[in-house]
Chemist: 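Sharing a structure, written as structure tokens. Questions coming.
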Amino acid sequence: MSGPLNARGTGAGEKGLPLEPHPATAWVDRVGTVQLWSAEAEALLGYPAKEVCGTPAVELLTTRGDREAALAGRDRPEVGQSWDGILGLRHRDGREVRVALRVRPLTDREGRAGWSVSAGDARRIEREDVDRAMMRALFQQYPAPIAIMDDEFRYRLLNGAAERALSHPGNQLIGRHVGADTSHVDSGAIDRVLRQVRETGEPVLGLPVRGSPPSGPDRDRMWSLSTFRLTDSTDRPLGTCQTYVDITDGYRAERRLELLTKAGAGIGATLDVARTAQELADVLVPALGDVAWVALSETVLEGDEPPKMLGPGQWKLRRIGVAPPGDDWPAGLPAVGAVPPALPNHPLLRRIGQGETVLLPDRDSVIAAAEGHSELAPLFVPEHGHSAIAAPLFARGLVLGTVVVWRTRRPGPFGQEDADLLTEKASRAALGVDNARRYTREHRAAVALQQRLLPAATTDTPAAETVGFYVPAGGGAEIGGDWYDVIALPSFRVALVAGDVTGHGLPATATMGRLRTAVDTLADLELDPDELLTHLDDLVHQLQTEAPHQGDTIGASCLYAVYDPITCQCTLASAGHPPPVVIRPDGTVESVEISPGPLLGVGGLPFEATTFDLEPGSIVAVYTKGVASSTATTTIPTPVCDG
């Protein structure tokens with residue numbers, strides 16, 4: 001088998017076809033006789049060496065044309081001629097085997113000229129060649145970065161996406177360590193993962209890491225990092241491969257949803273203006289920025305509406321919520337409670353006053369915004385602050401305050417997406433602040449109304465000295481219908497009253513006022529306590545009939561006690577109200593045993609009066625159920641029996 005079969009081969013000096021790692025080999029002398037035959041050749045064509053050696057190689061060719069060309073080449077040899085191609089060879093069992101041949105001129109040690117022949121199954125070689133081409137295409141054309149490192153974590157191969165992410169061509173990175181300022185993600189995280197995979201052999205898949213590639217307008221990216229070890233067929237380590245998938249959009253969408261969910265669940269649930277402001281600041285740090293504060297108009301804190309259509313100089317904002325709190329708050333930056341000086345009529349502030357969110361994406365824009373007002377910079381620009389967003393708390397056409405977020409530690413600047421996110425969060429928080437403001441106004445009105453409806457805190461009658469006070473349970477979060485009263489009666493007697501209307505807010509307070517007036521009127525009739533409660537129960541039934549649209553059933557508990565200083569006896573009746581407590585002159589304390597009737601408004605059952613003796617100097621304490629059900633102190637009129 002010799003000669004240039006250029007019609008089927010590659011010709012002399014051209015790049016040969018790729019063969020198997022261990023191809024079949026043979027030695028053919030210059031006259032075309034097979035002299036050596038390898039075990040791989042026997043496996044390929046089925047002939048053992050003893051049957052092939054000494055026979056013409058052309059006898060193995062299957063087609064007449066191939067045999068004639070081979071014989072012609074043998075008779076007219078060309079010095080240095082090589083040949084690569086695909087020919088059909090005859091297998092020992094008679095079938096044809098398409099074989100890729102590589103023929104090279106060779107002179108043995110004895111000076112005899114001939115050819116070295118290497119062969120492999122053409123179909124398998126072609127298939128493997130296609131596979132290799134596909135693998136090369138996959139590696140180079142894969143849209144995500146792929147990097148292959150050796151055991152010392154030096155770059156060996158990089159695909160095009162990795163080169164673009166690193167802004168360096170591969171020939172500048174090959175041989176460099178992955179931590180040599182070439183990584184588009186945190187080099188410390190990469191090094192830790194590479195060492196872990198090298199030591200354990202276990203892959204690490206889908207690890208989220210933050211990166212800042214040196215190119216591109218948006219340098220703050222999130223990547224899903226996967227790392228696995230490469231080994232040969234004997235499980236010998238060859239190196240490590242890392243792939244990156246850009247998950248920035250999904251990460252930002254997830255973070256946005258998380259922040260909005262957290263804001264919806266944690267902001268504005270308390271109906272407290274200051275706490276709502278602090279909740280907003282807590283949500284923003286560290287999720288969005290490093291430093292944040294919420295400033296509210298002083299009129300909002302009092303429950304009133306802020307002034308409309310006024311410039312920044314008349315906002316009178318007070319910094320209410322800040323984050324991070326405590327020692328982590330930047331030194332020199334005004335904290336909670338700070339009232340900045342009058343603000344200038346700056347275009348940036350006018351934009352906020354018109355309901356617009358303002359983005360300062362870099363330090364140059366911050367410096368430009370502070371130009372001409374450098375004396376105010378320490379009040380609004382934290383140390384190392386390089387990017388900021390300011391949004392109004394805008395609700396129902398009113399600017400209730402502002403929220404400002406800064407980045408001081410993380411290098412990435414704010415983008416428009418961050419500004420849109422803050423706008424949405426500020427809008428939701430503004431509704432919470434406004435609801436809290438309106439509640440504060442209603443609460444203040446209810447407190448004022450209730451205080452006006454209650455009697456004087458102290459009285460001094462011939463029968464007793466009294467002291468009473470009202471403290472709303474829960475720090476004043478809810479105003480209810482609790483009341484107390486002290487009524488002077490004929491014959492030096494005195495009536496002590498305590499009651500509690502169901503419900504909260506102004507309706508309960510208004511109902512309490514009507515019941516207190518009714519008790520005062522009925523007391524003038526000098527009715528016994530059980531009779532008085534019966535008439536009061538009829539009144540509550542009438543109120544229920546007059547106001548069916550209110551939804552909730554009107555009801556109340558009430559204790560009515562009459563003390564006679566002549567007999568030193570006290571007679572009382574209860575409509576579902578807790579019994580009074582008596583403190584004797586010797587210091588002993590006891591609760592009066594009574595038979596309480598139903599709540600006012602239930603009807604159908606009588607009320608029972610109870611009479612007990614009081615020694616001179618005794619104290620009778622009546623109260624509403626808040627004292628028994630919580631640690632808060634509520635109405636306690638304290639008459640002292642002076643005998």
Side-chain angles (χ1 to χ4, degrees), residues 134-170 173-174 176-231 237-262 286-290 387 407 409-418 420-421:
M134 293 181 66
M135 291 301 297
R136 284 194 298 269
L138 173 64
F139 182 79
Q140 286 299 330
Q141 299 173 23
Y142 190 67
I146 302 177
I148 295 177
M149 286 77 68
D150 60 19
D151 280 345
E152 298 301 323
F153 310 143
R154 294 178 298 234
Y155 286 118
R156 289 292 304 275
L157 290 173
L158 294 160
N159 71 343
E163 293 178 350
R164 291 190 295 272
L166 299 173
S167 295
H168 287 84
L173 298 175
I174 301 302
R176 298 180 62 181
H177 191 277
V178 295
D181 298 328
T182 59
S183 177
H184 56 297
V185 297
D186 178 22
S187 59
I190 287 185
D191 189 70
R192 287 192 298 272
V193 172
L194 286 172
R195 294 183 184 278
Q196 176 182 338
V197 171
R198 184 178 65 179
E199 293 171 3
T200 66
E202 295 294 328
V204 175
L205 305 177
L207 178 68
V209 292
R210 188 180 298 275
S212 299
S215 62
D218 186 0
R219 298 196 306 161
D220 191 10
R221 312 292 295 174
M222 284 298 296
W223 304 83
S224 175
L225 172 66
S226 295
T227 307
F228 53 95
R229 194 165 64 180
L230 301 175
T231 60
L238 299 175
T240 308
C241 179
Q242 283 191 326
T243 65
Y244 307 85
V245 177
D246 191 336
I247 59 172
T248 304
D249 293 340
Y251 170 78
R252 288 177 176 173
E254 183 178 351
R255 186 188 64 165
R256 180 186 182 92
L257 178 60
E258 180 182 350
L259 260 66
L260 291 176
T261 301
K262 185 177 180 182
L288 187 61
D290 302 311
S387 182
R407 284 186 176 171
R409 293 188 297 272
R410 66 184 75 183
F414 286 120
Q416 186 57 47
E417 186 175 354
D418 298 312
D420 295 341
L421 179 58

Chemist: Taking all non-hydrogen atoms of both residues, which atom of F228 and which atom of L230 are closest, and how far apart?
Modeler: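 In terms of heavy atoms, the two residues are closest at CE1-CD2, 3.7 Å.
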
Chemist: To the nearest 0.5 Å, how far apart are CD in E199 and CG in L194?
Modeler: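 It comes to 11.0 Å.
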
Chemist: Taking all non-hydrogen atoms of both residues, which atom of Y155 and which atom of H177 are closest, and how far apart?
Modeler: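 Answer, listing the atom of Y155 first, then H177: CE1-O, 4.4 Å.
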
Chemist: Listed by chain and number, what are the side-chain contact (heavy atoms from CB on, under 4.5 Å) partners of Q141, not counting sequence neighbours?
Modeler: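 Listed in chain order: A137.
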
Chemist: So, does S226 use its side chain to make a donor-acceptor pair with the main chain of G206 at under 3.5 Å?
Modeler: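 Yes; at least one donor-acceptor contact below 3.5 Å.
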
Chemist: Measure the spacing between CD of Q196 and OG1 of T240 and express it to the nearest 0.5 Å.
Modeler: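 Output value for this atom pair is 12.0 Å.
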
Chemist: Establish, from distance only, whether the side-chain atoms of Y142 and Q140 form a donor-acceptor pair under 3.5 Å.
Modeler: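 Result is no, nothing qualifies.
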
Chemist: Please report the shortest heavy-atom distance between D418 and P413, naming the atom on each side.
Modeler: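 Where D418 meets P413 most closely, the heavy atoms are OD2-O, 4.2 Å.
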
Chemist: For L225 and V204, what are the C-alpha separation, side-chain angles and deciding distance, and is it a side chain to side chain contact (heavy atoms under 4.5 Å, CB included)?
Modeler: CA-CA 8 Å; L225 172 66; V204 175; over 6 Å; no

Chemist: Can you tell me how far OH of Y244 sits from OG1 of T227, rounded to the nearest 0.5 angstrom?
Modeler: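 The distance works out to 7.0 Å.
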
Chemist: Side chain to side chain contact (heavy atoms under 4.5 Å, CB included) between Q242 and V197: does it pass, once the steps are laid out?
Modeler: CA-CA 11 Å; Q242 283 191 326; V197 171; over 6 Å; no

Chemist: Within the side chain of E163, is there an N or O that forms a donor-acceptor pair under 3.5 Å with the backbone of G170?
Modeler: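 Yes; at least one donor-acceptor contact below 3.5 Å.
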
Chemist: So, N159 side chain and F139 main chain: donor-acceptor pair closer than 3.5 Å or not?
Modeler: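 Yes; judged by distance alone, with no hydrogens or angles, the pair exists.
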
Chemist: How long is the gap from CZ on R410 to CG on L288, to the nearest 0.5 Å?
Modeler: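 R410 CZ to L288 CG: 7.0 Å, rounded to 0.5 Å.
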
Chemist: Extract all donor-acceptor atom pairs below 3.5 Å that involve side chains of residues 144-151 and protein atoms in other chains or at least two apart in sequence.
Modeler:
unit_1: D150; atom_1: OD1; unit_2: E152; atom_2: N; d: 2.9
unit_1: D150; atom_1: OD1; unit_2: F153; atom_2: N; d: 3.1
unit_1: D150; atom_1: OD1; unit_2: R154; atom_2: N; d: 2.9
unit_1: D150; atom_1: OD2; unit_2: R154; atom_2: NE; d: 3.0
unit_1: D150; atom_1: OD2; unit_2: R154; atom_2: NH2; d: 3.2

Chemist: With a sphere of 6.0 Å drawn around CZ of R156, does it hold more than 12 non-hydrogen atoms of other residues, nucleotides or ligands?
Modeler: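 Open: at most 12 neighbouring heavy atoms sit under 6.0 Å from CZ of R156.
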
